[in-house]
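Notes follow the structure.
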Amino acid sequence: MEKLKDQTQVIKSIKKAMLDDDVKAVDVADALGVKPQGLQKIWGKKNFSFNDAQKVADALGYDFFYELRKRDGAD
């Protein structure tokens with residue numbers, strides 16, 4: 001599992017999955033019920049959310065996980 005630190009890394013990871021699976025943006029947009037321009041708006045949002053990531057991941061057939069973990073040695 002890849003550790004993602006910010007929304008830019010999340011978007012890059014999703015786009016990499018699209019490339020790896022040979023899925024076109026138009027297909028993802030269709031699965032989301034938006035036009036391709038709508039998908040571009042999602043990518044460009046300053047506040048790209050976990051909900052956005054989950055919806056796109058779901059359209060690709062992926063699960064998107066986020067979790068809160070206590071750091072090693074933190075008491």
Side-chain angles (χ1 to χ4, degrees):
M1 188 175 345
E2 186 177 354
K3 184 175 181 179
L4 305 170
K5 296 182 179 185
D6 59 32
Q7 69 186 37
T8 301
Q9 289 180 345
V10 171
I11 293 168
K12 284 181 181 179
S13 182
I14 292 171
K15 288 182 177 182
K16 182 182 180 311
M18 290 171 61
L19 285 172
D20 291 347
D21 293 351
D22 196 32
V23 176
K24 293 178 176 38
V26 68
D27 298 324
V28 175
D30 187 50
L32 292 172
V34 299
K35 294 181 179 184
Q37 296 87 345
L39 183 58
Q40 290 303 317
K41 281 182 127 177
I42 292 171
W43 296 142
K45 287 172 65 174
K46 286 186 178 184
N47 58 349
F48 184 82
S49 68
F50 288 121
N51 190 41
D52 294 326
Q54 183 60 53
K55 286 180 184 177
V56 177
D58 189 49
L60 287 169
Y62 283 77
D63 291 319
F64 180 74
F65 294 97
Y66 48 98
E67 61 186 41
L68 178 66
R69 288 187 190 177
K70 189 169 186 173
R71 295 183 187 122
D72 289 336
D75 291 323

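Any value given below was found using the heavy atoms of this structure, including those in side chains, with hydrogens, waters and symmetry copies removed. Just so it is clear, the model here is predicted, and its values are computed rather than measured.
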Distance from [X] atom [atom1] to [Y] atom [atom2], nearest 0.5 Å?
X     : Y     : atom1 : atom2 : value
Phe48 : Ile11 : CZ    : CD1   : 4.5 Å
Lys55 : Ile42 : NZ    : CD1   : 7.5 Å
Asn47 : Gln7  : CG    : CD    : 7.5 Å
Asp58 : Asp63 : CG    : CG    : 8.0 Å
Asn51 : Phe64 : CG    : CZ    : 10.5 Å
Lys12 : Gln9  : NZ    : CD    : 7.5 Å

Could you walk me through whether Val56 and Trp43 pass side chain to side chain contact (heavy atoms under 4.5 Å, CB included), step by step? CA-CA 10 Å; Val56 177; Trp43 296 142; 3.8 Å; yes

Just checking Lys45: does its NZ atom have more than 12 heavy atoms from other residues, nucleotides or ligands closer to it than 6.0 angstrom? yes

Check against side chain to side chain contact (heavy atoms under 4.5 Å, CB included), Leu60 and Asp21: CA-CA 9 Å; Leu60 287 169; Asp21 293 351; 5.7 Å; no

State which residues pass ring-ring contact (aromatic ring centres under 6.0 Å, His included) with Phe50; sequence neighbours excluded, sorted by chain then number. Tyr66

For a quick test of reading the model, state the closest non-hydrogen atom pair linking [X] to [Y] and the distance between them.
X     : Y     : result
Val26 : Pro36 : CG2-CG, 3.8 Å
Val34 : Leu39 : CG2-N, 3.9 Å
Ala53 : Val10 : CB-CG1, 3.8 Å

Asp52 side chain to Ser49 backbone, donor-acceptor under 3.5 Å: yes

